[in-house]
Amino acid sequence: PSIALAPVMAALVPWLVSRPCRQIMLVRQVNSLTVVQGQQWEGQKKIVSRFETALCGTDLLPVSKYLFSAAGKNIRPRIISAMAGAVNAHREDKVEMMMVEQKQDLVTQMCEMYHTASLYHDDVIDNADMRRGQPSVPAAWSTKHAVMGGDFVLSVAYGLLAEIDSEEVTSCMSRVV
């Protein structure tokens, strides 16, 4: 089954708001859903870039990129980013704010990788032929490719978890899987 957004958000909100807030410095622009749907989520490019770096020249690269290349609304990462922007609105220290935003961006990417890895595995369990209007990974390649692709996506997410270096985020994400 896909990872539910509510438990992840409930667990991450305390971490997102754990920094001192003093004055309004930044408010992120929120677009209407119709405008947002036509745009690619910026984190998607970063995720695919990580895959290309790790898997350059391997058979697993197109498999790992496959579901991240599919058109979608990208609502989940946009909600996480919007919440992070809202809790950052009162930051005083620009340097601290930049560091926090970078980690929040990594959390957003990691959550999307956890979710997408579950889709690779779901398609194997459900014997699905289609995913998001295109052939599923098992249908396009094989069951073995789908399992390995999902496992690789999770391993990259775990790498981000180490990069974030937060006990609260690690604890939260360990309960998700």
Side-chain angles (χ1 to χ4, degrees), residues 1-13 30-84 102-164 169-177:
S2 298
I3 296 170
L5 178 61
V8 172
M9 295 306 299
L12 289 177
V13 168
V30 177
N31 294 320
S32 72
L33 181 58
T34 53
V35 172
V36 168
Q37 284 179 321
Q39 302 168 343
Q40 183 182 25
W41 168 58
E42 188 64 32
Q44 199 167 348
K45 296 174 191 171
K46 294 175 184 177
I47 291 169
V48 168
S49 176
R50 288 176 187 279
F51 295 166
E52 289 170 344
T53 301
L55 295 173
C56 184
T58 69
D59 292 342
L60 196 52
L61 179 59
V63 175
S64 66
K65 292 170 42 174
Y66 189 66
L67 291 182
F68 288 96
S69 302
K73 298 178 293 292
N74 293 306
I75 296 299
R76 194 177 20 271
R78 293 176 194 281
I79 290 171
I80 295 170
S81 293
M83 288 183 65
Q102 287 171 347
K103 287 191 176 196
Q104 289 169 336
D105 184 50
L106 292 176
V107 168
T108 305
Q109 291 175 49
M110 181 184 56
C111 288
E112 196 59 15
M113 284 188 239
Y114 270 56
H115 169 71
T116 304
S118 76
L119 299 180
Y120 282 87
H121 295 147
D122 281 354
D123 288 345
V124 172
I125 293 166
D126 298 342
N127 201 22
D129 292 328
M130 299 293 286
R131 166 70 62 190
R132 296 179 180 163
Q134 63 186 26
S136 66
V137 174
W141 283 277
S142 70
T143 298
K144 179 180 174 182
H145 282 88
V147 171
M148 289 176 56
D151 289 353
F152 172 74
V153 171
L154 271 179
S155 73
V156 174
Y158 294 146
L160 290 181
L161 193 57
E163 201 174 320
I164 293 163
V169 175
T170 301
S171 176
C172 167
M173 297 313 286
S174 71
R175 290 188 307 267
V176 172
V177 173

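Treat the numbers as computed from the prediction; the structure is a model and nothing was measured.
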Side chain to side chain contact (heavy atoms under 4.5 Å, CB included) between M110 and V156: does it pass, once the steps are laid out?
CA-CA 8 Å; M110 181 184 56; V156 174; over 6 Å; no
Distance, nearest 0.5 Å, that separates CG of L161 from OG of S155
12.5 Å
P62 meets the side-chain contact (heavy atoms from CB on, under 4.5 Å) criterion, sequence neighbours left out, with W141
Going through the distances and angles, do R50 and Q109 end up as a side chain to side chain contact (heavy atoms under 4.5 Å, CB included)?
CA-CA 11 Å; R50 288 176 187 279; Q109 291 175 49; 3.5 Å; yes
Using 0.5 Å steps for rounding, measure from the CD1 atom of I47 to the CG atom of L67.
11.5 Å
Heavy-atom pair of closest approach, residues C111 and M173
SG-CE, 4.1 Å
Nearest heavy atoms of P77 and E112, plus distance in Å
CD-OE1, 3.3 Å
In this structure, OG of S136 is separated from CG of L119 (nearest 0.5 Å) by 11.0 Å
Sorted by chain and number, sequence neighbours left out, side chain to side chain donor-acceptor pair (under 3.5 Å) with S171 holds for R175
Looking at every non-hydrogen atom in both residues, tell me the closest pair between D123 and V137 and how far apart they are.
OD2-N, 4.4 Å
State, yes or no, whether a side-chain contact exists between V63 and F51 at a heavy-atom distance under 4.5 Å.
no
Smallest heavy-atom separation, R131 atom then D122 atom, equals NH2-CB, 4.0 Å
Pairs satisfying side-chain hydrogen bond (donor to acceptor under 3.5 Å, both in side chains), at least one member in residues 56-67, at least two apart:
E52-K65
Could you tell me the separation between the OG1 atom of T108 and the CG atom of L160, rounded to the nearest 0.5 Å?
10.5 Å
Checking S49 side chain against K45 main chain: does a donor-acceptor pair fall under 3.5 Å?
no
Do any side-chain atoms of residues 144-154 form donor-acceptor pairs under 3.5 angstrom with protein atoms, and if so which ones, sequence neighbours left out?
residue: H145; atom: ND1; partner: S142; partner atom: OG; Å: 2.7
residue: D151; atom: OD1; partner: H121; partner atom: NE2; Å: 3.0

Looking only at heavy atoms, the pair that brings C56 and L61 closest together is CA-CD2, 4.4 Å
